[in-house]
Amino acid sequence: QVQLVESGGGLVQAGGSLRLSCAASRRTFSSYAVGWFRQAPGKEREFVAAISWSGDSTYYTDSVKGRFTISRDNAKNTVYLQMNSLKPEDTAVYSCAARPDTSTFYYIRAEMYGFWGQGTQVTVSS
């Protein structure tokens, strides 16, 4: 079992930046693959970015490529999502998810993850 806690959300103007953090309760978090997902009001949850346990493999949905960066600091049991050039359409609740996995893979499907955080609200004003 691992507990995930997101932080770093807030209100920002279009073009601004935020850095989300996903902190885990276990030191073995370093052996988990992690993904970020978001859900806007009235919309389905969508994949945003994913990272392998080592950080060597990452993947992004097309709409955030070049603007968002996923990274991790396994010594701090934390995964980050740096979000730059934010747009109003990025407004959503952002959640991180994790699965124990020491392969080089990342995962973009929500059902592949067994552990989820409670989410943090990101609101981008125009």
Side-chain angles (χ1 to χ4, degrees):
Q1 290 284 343
V2 62
Q3 293 181 323
L4 306 175
V5 178
E6 302 94 335
S7 62
L11 173 64
V12 64
Q13 288 187 333
S17 298
L18 286 172
R19 188 178 79 158
L20 304 184
S21 298
C22 173
S25 60
R26 295 185 58 141
R27 280 181 285 184
T28 54
F29 190 56
S30 60
S31 61
Y32 283 66
V34 175
W36 282 98
F37 294 78
R38 66 187 180 186
Q39 187 166 21
K43 295 187 177 181
E44 293 187 353
R45 181 171 54 192
E46 68 169 338
F47 166 79
V48 177
I51 190 166
S52 61
W53 74 274
S54 65
D56 289 343
S57 299
T58 59
Y59 188 78
Y60 302 88
T61 193
D62 286 346
S63 63
V64 308
K65 284 181 181 177
R67 299 189 298 122
F68 290 12
T69 303
I70 189 171
S71 63
R72 66 190 303 159
D73 184 341
N74 285 339
K76 296 183 178 179
N77 300 324
T78 303
V79 170
Y80 304 98
L81 185 67
Q82 178 67 45
M83 306 187 296
N84 298 329
S85 302
L86 283 161
K87 304 175 181 179
E89 51 263 44
D90 294 318
T91 295
V93 175
Y94 285 70
S95 299
C96 63
R99 62 171 279 143
D101 194 302
T102 55
S103 71
T104 59
F105 297 149
Y106 48 75
Y107 300 88
I108 65 174
R109 293 169 57 185
E111 57 265 36
M112 299 301 291
Y113 294 94
F115 303 99
W116 290 81
Q118 82 290 348
T120 185
Q121 177 70 46
V122 171
T123 302
V124 184
S125 63
S126 58

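The cluster map of Ile, Leu, Val, Met, Phe, Trp and Tyr, joined by side-chain heavy atoms under 4.5 Å apart, puts V48 and L86 in the same cluster. F68 is not connected to F37 by any chain of hydrophobic side-chain contacts under 4.5 Å among Ile, Leu, Val, Met, Phe, Trp and Tyr, and they are in different clusters. The cluster map of Ile, Leu, Val, Met, Phe, Trp and Tyr, joined by side-chain heavy atoms under 4.5 Å apart, puts M112 and F47 in the same cluster. Put simply, V64 and I51 are part of the same group of oily side chains (I, L, V, M, F, W, Y) that touch within less than 4.5 Å, one to the next. When hydrophobic clusters are built by joining Ile, Leu, Val, Met, Phe, Trp and Tyr residues whose side-chain heavy atoms come closer than 4.5 Å, directly or via intermediates, V34 is grouped together with L81.
Taking both residues in full, the closest heavy atoms of A110 and W116 are given as O-CZ2, 3.5 Å, listed atom of the first, atom of the second, then distance. Here the closest heavy-atom approach between residue A14 and residue S126 is recorded as CB-CA, 4.4 Å. Scanning all heavy atoms of the two residues, the minimum distance from V93 to Q121 falls at CG2-OE1, 3.2 Å. Here the shortest heavy-atom pairing between T78 and S21 reads CG2-CB, 4.1 Å.
Using a cut-off of 4.0 Å between Lys/Arg side-chain N and Asp/Glu carboxylate O, K65 and D62 are scored as salt-bridged.
Looking at S52, its side chain never comes within 3.5 Å of a backbone N or O of Y106 through a donor-acceptor pair. Under the 3.5 Å distance criterion, the side-chain polar atoms of E6 are matched with a main-chain donor or acceptor of C96. Of the possible donor and acceptor atoms, none in the side chain of W53 sits under 3.5 Å from a partner among the backbone N and O of P100. Between the E46 side chain and the R38 main chain, no donor and acceptor come within less than 3.5 Å of each other. A donor-acceptor contact shorter than 3.5 Å is absent between the side chain of Y59 and the backbone of F105. Judged by distance alone, with hydrogens and angles left aside, the side-chain atoms of Q39 form no donor-acceptor pair with the main-chain N or O of A92 at under 3.5 Å. Side-chain atoms of Y80 do not come within 3.5 Å of backbone N or O of D73 as any donor-acceptor pair.
Expressed to the nearest 0.5 Å, how far CG of D101 lies from OG of S54 amounts to 10.5 Å. Expressed to the nearest 0.5 Å, how far CG of L20 lies from OG of S7 amounts to 8.0 Å. For the atom pair CD (Q118) and OG1 (T120), the distance works out to 7.0 Å, reported to the nearest 0.5 Å. If you take CZ on R26 and OG on S31, they are separated by 8.0 Å, rounding to the nearest 0.5 Å. For the atom pair L18 CG and Q82 CD, the distance stands at 8.5 Å (nearest 0.5 Å). Atom OG1 of T28 and atom CD of Q1 lie 11.0 Å apart (nearest 0.5 Å).
The neighbour count for E111 CD, taken as heavy atoms of other residues, nucleotides or ligands under 6.0 Å away, is above 12.
Geometrically, R72 engages F29 in a cation-pi contact defined by less than 6.0 Å to the ring centre and at most 45° from the axis.
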>> Checking V124 against E89 for the side-chain contact (heavy atoms from CB on, under 4.5 Å) test, could you report, in this order, the C-alpha distance in whole Å, the side-chain angles of both residues, the deciding distance, and whether it holds?
In response: CA-CA 8 Å; V124 184; E89 51 263 44; over 6 Å; no

>> Using side-chain contact (heavy atoms from CB on, under 4.5 Å), reason through M83 and V122 one step at a time and then give a plain yes or no.
In response: CA-CA 10 Å; M83 306 187 296; V122 171; 3.8 Å; yes

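Side-chain contact, Y113 with R99: no donor N or O sits under 3.5 Å from an acceptor N or O.
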